[in-house]
Each structure stands twice: as C-alpha cells, then as structure tokens.
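Okay, so here's the structure we're looking at.
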Amino acid sequence: MPAFGACRPGEAADFNDLMRAQGPEAVRRCIDAAEPPTVNGSPAHEAANPLRCHYNGGHFEVSDEGVAYVGTGGGGKRLPPLWMCSRLEVAAMTRDAEGGEWGRLLRWRDMDGAIHQWAMPMDLLQSDGVLIRRELARLGLSISPGRKARDLLSIYLQVWPAETRARCVDRLGWHGVAYVTPAQSFGEGEETVVFQNRHAREPAFSVSGTAQSWRDSVAALAAGNSRLVFALCMAFAGPLVALVGVDAIGFHLRGKHSSGKSTIMKAAASVWGNPGAYPRSWGAAANELEVLAALHHDGLLILDGISQADPKDVVKAAYLLANGQGKAQGSRAGMSSPPTPWRLLFLSGGEGSISELMAQAGGRAAAGQEIRLAELGVGAFEEVHGRCSPAEFVQAVKDASGLHYGAVGNQWLQQIVADRSELEGMVAEGIGRFVETALPTGADGSIRRVVQRFGLVAVAGELATRYGLTGWQEGEASRAVCKCLASWLEGFGGTGTHEEYAMLTQVRAFIEQHGSGRFENMGVAANQRIQNRVGFKRTNMDGTLEYLVLPKSFKREVCVGFDARAVTAALAKAGWLERGKDGKPQQLHRLPGLGPQRCYVLGRRMWTGE
C-alpha cells in the first residue's frame with residue numbers, strides 16, 4: 001500500500017486502511033496546522049478567504065461556495081476543485097463526561113439560510129458514510145451525487161482540524177448552568193455543551209415567526225380562557241421543574257369530542273415547536289416512550305390520541321412516565337447501563353379518563369398514580385375574542401399556533417438561564433404563596449402536593465408575563481390556574497385522602513365504562529337486552545342521569561378491591577350518593593321486573609367536575 005499522501009494523482013487514499021497502517025500521527029502530517037479553521041470568535045463562514053487543510057498532496061477547501069477537494073495531477077499540476085457539498089464546518093470535537101462517545105460538531109446553513117448544528121458521532125464514519133450523508137441531506141445540506149466526492153466528504157469530516165472541545169450529552173434540558181436544546185445551548189459553563197442524538201426519534205423543537213408574533217396571536221387568543229392559559233403556562237413550567245426538585249408530573253385533559261382538547265394541546269406545543277409535529281402519540285411502545293421522555297427532559301411532553309391506544313399500553317405508559325425513569329438497558333459492550341431518568345411535565349388528552357382505561361385494562365391506579373396525573377375537565381371556551389362562534393375561535397387558535405411557534409420558547413430559555421440563580425428561591429417562594437392561598441382547609445398531604453404543582457404552573461405563567469412574553473395582565477395566569485384547580489378539586493371529590501379519591505375515580509370509571517351496556521333504562525319500553533345487568537338508570541327533570549346500582553353488584557363489581565362501606569362513605573362525603581329519606585345510603589325504589597328493591601343511587605354531582 002502506498003504511503004499516506006502518496007496516492008495516484010487526483011485520487012483519495014482509503015482513510016481507514018491508512019489509519020490502521022500508520023496511525024493518527026500520519027493524519028496530522030497531512031494537515032496544514034498553519035491554517036486551521038476558525039471555531040471561536042467569528043463563524044468560519046464569515047471568513048473572507050477559503051479555509052484549507054492539506055491532505056494527500058492536495059487540500060480540502062472550505063469557502064462560501066462549499067467544501068471542495070483540490071488534488072494534483074501529473075507533474076504536480078493542480079487539478080480543478082472537486083465540489084463535495086455546500087458549506088459545512090467542523091466547529092469542535094465532542095465527547096461525553098466519561099471521555100467516550102467522541103464526535104464532531106458540524107454546522108451549516110440549509111437552502112433557506114437557516115443554521116443547523118449536529119453533534120455527529122465518530123463511529124458513524126466507520127462504515128460507508130451513508131447514514132451521515134442521509135442526516136445532513138435531511139437537514140438541508142446539498143451533497144454531490146458523485147461517488148468520489150462522497151468518499152472524500154467522509155475523509156474531510158475526519159481529518160479537518162478542530163482544536164476546540166465541546167461536551168456532548170444525550171438528553172436535552174439542564175446540564176449544570178446551561179440548558180441544551182437540539183439546536184443550541186443556552187448559558188455558558190466551563191465548555192460548550194451540545195446534544196448528540198443517538199435515538200431513533202428526533203426532537204420536535206422548531207421555530208416559525210417570532211416571540212412577539214406568538215404573543216400577539218396565540219397568547220392573545222388564550223387570554224380569558226382558563227384551560228388555554230393553563231396549557232401555555234404548563235409549557236413554560238417544564239424547565240422550572242429542576243429548580244424546585246419535583247417529580248415527573250402530568251395533567252390529563254378530559255372532555256367530550258370537539259370540546260377543544262386537541263386545540264389546547266396544539267397551543268401548548270407552539271411554545272416549543274410545530275404543533276403538527278411536537279405532540280406525540282400515547283400509542284408509542286413502552287421502549288419508545290422512554291426515548292420520548294428523555295428527549296423532553298426538563299421540558300413538556302404532549303401525548304395525544306389516547307382513544308386510539310390500547311388501554312394496557314396507556315396504563316403502562318402512565319406508570320412509566322410518573323415513575324420518572326426507564327428500565328436498565330444493555331450497552332453495546334454487553335454491559336447493563338443504568339436506567340435513564342427524566343424530569344418533565346406531560347400533558348395528555350382524551351374523552352375518557354386514565355382511571356377508566358385502567359378499569360378496561362383490568363386494574364386500578366396504585367396509590368399516588370392518579371395524584372401525579374391530575375385530570376382536568378374541558379368544556380366550552382369562556383372567551384372567543386369577537387369570533388362569531390366557538391368553531392371559528394378554535395380555528396383561529398389552530399391557525400395562529402401553526403404559524404407562530406418555537407421562538408417564544410427560546411426567548412424564555414434565554415431569560416431563565418440568565419436569571420437562574422435568583423429564580424430558584426423566587427419560584428419556590430411563589431409556589432409557597434400559591435399553596436397558602438389555594439390549599440383547601442383540611443386537605444391531606446397528597447392534595448397539597450397536587451396544589452404545589454398547580455402552583456408551579458401559575459408561577460411559570462406569571463414569570464413569563466413579567467418577561468413580556470405573553471402580553472397578559474398580571475394575575476391572568478394565577479386566576480386561570482386557580483379556576484382549573486377548583487375544577488380538579490371538585491372532580492377529585494373534595495379534600496379527602498388519596499384512598500378516597502381512588503374509590504371515587506373507580507366508581508366513576510365503572511359508570512363510564514358500563515353506563516350504556518349494563519344499566520337498564522327505566523324510561524324505555526321493556527324487552528331491553530341487557531347483559532350482566534348491574535342496575536338501572538333514569539333521566540331527571542333537568543336531563544341528567546341517575547344510576548341505581550343493585551347492592552350485590554355494587555359490592556362485587558363497583559367496589560372491587562375496596563371495602564364497600566368505605567366506598568359508600570366516600571361517595572356520601574363527595575355528595576355523589578343520594579341518601580334515602582331515612583338517611584341510609586340505600587334508597588327503596590320499585591324497579592322494572594323486580595318490584596320494590598333497595599339500591600345505591602348515584603346522582604348528578606358525579607359529573608360536576610367535568
């Protein structure tokens with residue numbers, strides 16, 4: 001094999017073979033150390049003269065026209081430049097905190113002029129380079145179709161000198177005093193920190209419009225609408241979770257079809273990226289969901305499509321997200337790596353509740369599970385801002401969210417990173433004031449924890465307003481969050497213990513699941529085909545339904561897993577159970593085909609939290 005740099009004129013050596021034969025020092029002899037690329041100060045693409053790196057008797061050249069290789073022919077005659085790709089700069093060498101996962105930090109502009117950055121793992125170069133070219137092309141780099149030029153591109157990425165070092169991380173969010181997104185790092189530490197993605201999923205952060213255009217459109221439409229304001233505040237709250245040390249927590253938007261759940265989630269997504277791409281699916285496999293959680297570390301994960309997902313998958317996912325970490329994974333070296341932890345807020349939506357899905361999956365929530373995923377009813381929007389109808393208002397929110405997104409999230413990060421040292425105490429103090437004001441008298445510890453999380457959302461919204469990002473009046477965020485908290489408390493069943501809450505949610509989930517199929521309608525003619533009847537239902541004068549549950553079915557099915565007397569007490573305390581005239585928990589009614597029978601009557605207050 002010829003010596004390094006001694007290939008036939010105009011031809012590139014097989015870099016990997018030469019590395020194995022002569023080692024890295026041979027590479028350094030091919031680099032013109034007198035003309036290294038600029039990676040600090042002004043970006044290299046602003047340099048007036050081309051940057052060069054000698055290799056194999058010729059040199060690589062980086063200019064505004066792109067990256068080219070200039071070889072030599074017979075007699076040392078310089079050959080015409082061989083264009084490889086549009087301008088692509090090697091800005092730094094990257095590695096992780098343990099000194100592994102080496103890579104190169106690449107920067108370029110796409111055909112629209114947008115700047116891209118990618119921490120490319122070096123091990124991708126130990127093949128034919130197709131994965132690298134595919135990723136670069138996907139993100140807008142123009143690449144030569146010629147085989148020789150493509151081979152030279154791989155060599156260029158390996159031999160171009162990069163004296164600057166950067167720390168690569170595989171999770172977004174806080175790393176020391178810096179906050180890392182896919183495109184950039186906010187804040188300065190001892191060295192630059194960049195995201196090196198080894199996951200099959202791509203982060204959905206993106207930008208369209210400006211922070212001001214978002215404020216004047218999306219945020220302006222949200223004002224006066226408690227659920228919309230709450231969702232936007234939640235999006236801002238994600239990066240604050242680390243400052244107060246809370247666990248992974250979530251909120252589930254629950255409402256009928258066309259109630260606006262998806263619109264609210266799209267508005268929340270617009271803080272960070274394109275609402276058409278940022279929300280993820282509940283149907284994601286458990287292993288993939290771990291990746292999604294890691295990609296939204298210290299941020300907001302939005303999960304949609306709960307009705308299309310398998311109930312068992314949803315239950316597993318809810319446990320996984322609330323647990324705050326995944327399972328141990330095997331490494332490429334065959335050793336077990338520790339589970340990936342995450343801190344995040346997650347927002348989901350659906351017509352049914354998580355408790356209902358758990359019932360369908362044959363189980364119920366464990367203690368603390370439903371507290372970490374608080375359900376919030378969604379109804380009509382309170383303020384349509386001059387639109388002729390709710391439908392027109394919903395379309396306006398969707399249109400605004402689809403045009404203006406991402407920039408306000410970046411502006412938010414710039415502010416909180418700059419003020420982080422002051423914010424840690426300020427956020428904790430703000431949450432404390434919210435809890436002092438909003439916590440119901442006699443509430444137990446589990447409810448206090450939920451109120452604290454509502455408080456975090458309120459503080460985030462007020463802080464974003466103080467930074468001038470929302471255009472809202474002071475107090476708008478707090479009022480909206482308090483309204484949502486009141487709705488949650490009413491749906492929760494008051495200020496009782498988590499055990500009481502679990503009982504109430506199980507009863508409501510049972511009615512939601514079987515209300516149409518296993519309760520005979522007393523207002524309909526006989527000969528109804530009811531399989532495994534558990535009771536009857538009737539319509540009140542105001543149009544609401546009452547469910548009359550037969551005693552044995554109540555104990556064996558509705559209260560399964562709980563003491564029936566404790567469930568009865570919880571229902572009575574919440575006002576869901578209509579007591580008889582004698583004050584007993586059962587009423588005497590004449591039932592079709594059964595005559596006078598005592599039964600448990602569940603009334604309209606079961607749905608008032610909707």
Side-chain angles (χ1 to χ4, degrees), residues 92 94-97 101 103 105-107 115-121 135 139 166-189 191-207 234-250 268-275 277-280 284 287-303 320-321 324-326 329 337-347 405-418 420 460:
T94 63
R95 72 273 188 253
D96 66 18
E101 304 297 340
L105 181 61
L106 309 181
R107 292 190 182 127
I115 297 175
H116 293 270
Q117 175 175 287
W118 179 34
M120 176 199 72
E135 180 66 10
L139 295 175
R167 184 72 60 195
C168 66
V169 294
D170 62 359
R171 286 189 305 168
L172 303 177
W174 291 104
H175 293 272
V177 297
Y179 192 101
V180 179
T181 70
Q184 64 187 111
S185 177
F186 295 86
E188 296 183 0
E191 60 182 348
T192 301
V193 183
V194 295
F195 176 62
Q196 182 169 295
N197 187 15
R198 289 186 170 275
H199 306 299
R201 282 274 196 164
E202 289 297 321
F205 292 72
S206 55
V207 173
M234 221 188 135
F236 287 119
L240 300 183
V241 171
L243 276 59
V244 292
V246 299
D247 299 324
I249 55 176
S270 71
V271 173
W272 298 110
N274 187 342
Y278 191 92
R280 309 294 184 151
N287 289 340
E288 188 177 26
L289 196 62
E290 293 186 30
V291 172
L292 293 180
L295 289 177
H296 294 80
H297 179 67
D298 286 333
L300 175 68
L301 171 62
I302 299 177
L303 296 170
L320 181 68
L321 288 173
Q325 68 176 20
Q329 302 289 336
S337 60
T340 301
W342 51 75
R343 295 182 300 259
L344 51 76
L345 296 179
F346 55 101
L347 178 66
Y405 53 81
V408 70
N410 289 341
Q411 186 67 35
W412 168 247
L413 291 176
Q414 290 178 10
Q415 297 281 3
I416 64 173
V417 167
R420 172 164 178 165

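Residue numbers run from 1 in the order of the sequence given.
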All N/O donor-acceptor pairs, side-chain side in residues 172-182, below 3.5 Å, sequence neighbours left out:
unit_1: W174; atom_1: NE1; unit_2: P239; atom_2: O; d: 2.8
unit_1: H175; atom_1: NE2; unit_2: R171; atom_2: O; d: 2.8
unit_1: Y179; atom_1: OH; unit_2: D298; atom_2: O; d: 2.6
unit_1: T181; atom_1: OG1; unit_2: A183; atom_2: N; d: 3.4
unit_1: T181; atom_1: OG1; unit_2: Q184; atom_2: N; d: 3.2
unit_1: T181; atom_1: OG1; unit_2: Q184; atom_2: O; d: 3.0

Give me the atom names and distance for the closest heavy-atom approach of [X] to [Y].
X	Y	answer
P279	N274	CD-O, 4.3 Å
G406	V207	C-CG2, 3.9 Å
G187	V417	CA-CG1, 3.5 Å
S206	Y405	OG-CE1, 3.4 Å
S270	P275	CB-CG, 4.1 Å

Could you give the distance from CD1 (I302) to CZ (R280), rounded to the nearest 0.5 Å?
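CZ of R280 is found 10.5 Å from CD1 of I302.
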Kindly compute the distance separating CG (N410) from CD (Q415), expressed to the nearest 0.5 Å.
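Between atom CG of N410 and atom CD of Q415 there are 12.0 Å.
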Which is it for L303 and L301 under the side chain to side chain contact (heavy atoms under 4.5 Å, CB included) test, yes or no, and what are the steps along the way?
CA-CA 7 Å; L303 296 170; L301 171 62; 4.1 Å; yes
Side-chain donor/acceptor of R95 to backbone N/O of A166, under 3.5 Å:
yes
Between the main-chain N or O of L105 and the side-chain N or O of T94, is there a donor-acceptor pair closer than 3.5 Å?
no
Side chains of [X] and [Y] in contact at under 4.5 Å (non-hydrogen atoms):
X	Y	value
L292	F346	no
L300	V271	no
M120	E135	no
W272	L413	yes

Does H297 have any ring pair (Phe, Tyr, Trp, His ring centres under 6.0 Å) partners at least two apart in sequence or in another chain, and if so, which?
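H297 satisfies ring pair (Phe, Tyr, Trp, His ring centres under 6.0 Å) with no residue once adjacent residues are dropped.
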Among residues at least two apart in sequence or on other chains, which ones pass side chain to side chain donor-acceptor pair (under 3.5 Å) with Q414?
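Listed in chain order: nothing, the list is empty.
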Working note: R107 + H116, criterion side chain to side chain contact (heavy atoms under 4.5 Å, CB included); need CA distance, chi angles, decisive distance, verdict.
CA-CA 6 Å; R107 292 190 182 127; H116 293 270; over 6 Å; no
